[in-house]
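Lettering follows sequence order; numbering is per chain, from 1.
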2 protein chains.
Amino acid sequence: MPQVTRTYHHGDLRAALIDAGLQLARTGGVDSVGVRDVTREAGVSPASAYRHFDDHRALVVAVALAAQDHLAEAIVTRIGTETADAKGERAAALARLRGVGLGYIDFALAEPGLFELALLTFDPASGASPTVLVDAEVPAPFLLLLQALDACEASGALSAAERVNAEWPCWSAVHGFADIATRGPLKGQAPEVLEALGEHVVDSIIAGLRGSASRP
Amino acid sequence: MPQVTRTYHHGDLRAALIDAGLQLARTGGVDSVGVRDVTREAGVSPASAYRHFDDHRALVVAVALAAQDHLAEAIVTRIGTETADAKGERAAALARLRGVGLGYIDFALAEPGLFELALLTFDPASGASPTVLVDAEVPAPFLLLLQALDACEASGALSAAERVNAEWPCWSAVHGFADIATRGPLKGQAPEVLEALGEHVVDSIIAGLRGSASRP
DNA sequence: GGTCGATGTGAACACTGTGAACATATCGTG
DNA sequence: CACGATATGTTCACAGTGTTCACATCGACC
């Protein structure tokens with residue numbers, strides 16, 4: 001293996017602990033990433049973790065951030081396959097939006113353990129910011145959604161009025177479905193069923209955003 | 001207080017433990033309902049809990065089911081206010097559907113601790129049932145949604161085609177928003193903001209169900 | 001080469017869930 | 001009414017957890 005320049009005793013133990021955490025979370029979910037488990041996995045003493053993380057919670061948060069990166073990768077991948085054969089700017093923007101939702105669901109179904117981690121939000125001092133979102137700290141997956149929605153507006157697939165606050169219905173529906181399919185009543189259903197229902201959810205919410213002027 | 005017929009030593013300790021669990025969860029979330037905490041709250045020894053619950057998990061599940069009942073109550077309440085001034089069968093059915101979603105969100109915002117509990121699904125032997133839902137075990141809140149959707153179909157507010165699988169987009173969007181508003185990026189926002197966004201989410205998803213034939 | 005700060009270790013502490021042996025109050029039955 | 005069976009609650013113990021603190025060890029820099 002590619003021996004990294006090992007400094008100090010272990011050589012970047014912090015990264016090793018996060019990796020071990022990901023490995024454990026992949027099969028056991030968030031509960032299986034404990035201080036003693038992670039350090040045991042890395043072949044190191046329990047107390048050593050406290051040189052790199054303030055707290056048990058801080059460790060979990062670090063692993064969760066790593067899991068969010070994997071989630072973002074899955075979304076980008078799905079965006080690629082969705083937009084592959086989209087003709088025209090409008091269709092491409094809509095396909096991209098669809099890809100964000102379906103990629104999110106893909107990841108949740110493929111890696112339920114890591115997905116559970118990725119959901120943990122680290123509540124920065126639980127600062128109730130007056131604005132709806134502090135864009136400095138917005139996680140990568142959410143950023144992908146915002147960009148896709150902006151592209152929809154730019155291409156005319158979404159009107160300016162429809163664009164405002166559109167991220168919340170989108171994120172809610174997709175996140176909610178992923179949670180339901182992972183831990184909720186749909187847990188354990190066949191992958192084809194879940195895939196089909198996931199598409200239905202994504203298409204419904206996109207239709208809802210665009211069809212605000214509907215029947216009485 | 002209405003002294004219940006006290007049998008045996010304590011007099012229905014099981015119920016007392018569940019009540020204590022609800023009380024603790026209300027302020028501290030799911031993590032604060034532990035065997036020792038609950039028994040301490042009830043003024044009883046830790047091991048006594050094992051006469052009524054197999055497991056720590058079994059205790060939490062029992063409390064979660066109680067929390068689900070409270071959730072159902074909140075939904076019923078909101079259904080009442082939504083349908084109060086609805087004219088016509090169709091409008092009433094749609095108002096009822098809206099009430100289910102908004103009641104769910106109401107409860108999540110008013111009682112985030114209990115809401116966290118209510119989400120825990122108890123995965124009965126993790127039996128992957130072939131059918132989409134085992135109707136014997138369907139929790140009350142979900143049942144309220146199914147009935148509201150059926151009423152929409154009966155009144156013509158939803159076509160038969162639109163009705164099929166409509167429960168998943170609805171549940172996903174509402175559940176997802178509640179989760180986001182409670183633990184996610186919207187946590188800590190002002191109640192008015194959350195209320196407005198919640199209405200937006202609910203209205204969007206209902207529009208999406210009814211507007212399947214939308215623009216290209 | 002010696003000193004110092006950064007990093008890992010070992011042994012402790014308080015806490016948790018859980019089981020076994022024991023104590024006691026209630027009920028069914030003679 | 002007495003008495004054994006049984007359901008309920010208690011005490012004690014054990015394994016495992018997060019966490020801390022004194023100590024050991026290594027790399028870097030003067």
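- Nucleotide C:dT9 holds its P atom 15 Å from the OH atom of A:Y50, rounded to whole Å.
- Remark on DNA chain C: of its neighbouring residues A:P46 and B:D54, the 5'-side contact belongs to A:P46, judged by nearest-heavy-atom nucleotide.
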Applying side chain to side chain contact (heavy atoms under 4.5 Å, CB included), run through A:E111 and A:H70 and close with a yes or a no. CA-CA 10 Å; A:E111 296 279 9; A:H70 288 226; over 6 Å; no
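- Rounded to whole Å, the distance from CG on B:D12 to P on D:dA7 is 16 Å.
- Of the candidates D:dT20, C:dG8, C:dG17, C:dG8 carries the atom nearest the A:H52 side chain, counting heavy atoms from C-beta on.
- The separation between A:R14 atom CZ and C:dG8 atom C1' is 17 Å, rounded to whole Å.
- Between the CG atom of B:D55 and the P atom of C:dG17 there is a distance of 11 Å, rounded to whole Å.
- Regarding contacts with the backbone of D:dG9, every side-chain N or O of B:S48 stays at 4.0 angstrom or more from both OP1 and OP2.
- Rounded to whole Å, atom P of C:dG8 lies 5 Å from atom CG of A:L13.
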Between B:E153 and B:E162, is the side chain to side chain contact (heavy atoms under 4.5 Å, CB included) condition met? List the steps. CA-CA 8 Å; B:E153 182 183 0; B:E162 289 165 346; over 6 Å; no
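- Listed nucleotides: C:dT9, D:dT17, D:dT10. Nearest to the side chain of B:V44: D:dT10.
- Per the geometry, CZ belonging to B:F53 stands 14 Å off P belonging to C:dG17, to the nearest Å.
- If you check D:dT10, D:dG18, C:dG17 against the side chain of B:A47, the one that comes closest is D:dT10.
- Using the six-membered ring where Trp is involved, B:H175 and B:F115 have ring planes that are tilted, between 30° and 60° apart.
- In this entry the distance linking CZ of B:R51 with C1' of C:dA21 reads 10 Å, nearest Å.
- Between B:C170 and B:L209 the shortest side-chain heavy-atom distance falls below 4.5 Å.
- With D:dG18, C:dT18, D:dT10 as the choices, the nucleotide that has an atom nearest any side-chain atom of A:R36 turns out to be D:dG18.
- Between the CG atom of B:D31 and the P atom of C:dC15 there is a distance of 18 Å, given to the nearest Å.
- Annotation for B:A93 and B:A151: closest pair CB-O, 3.8 Å, computed over non-hydrogen atoms.
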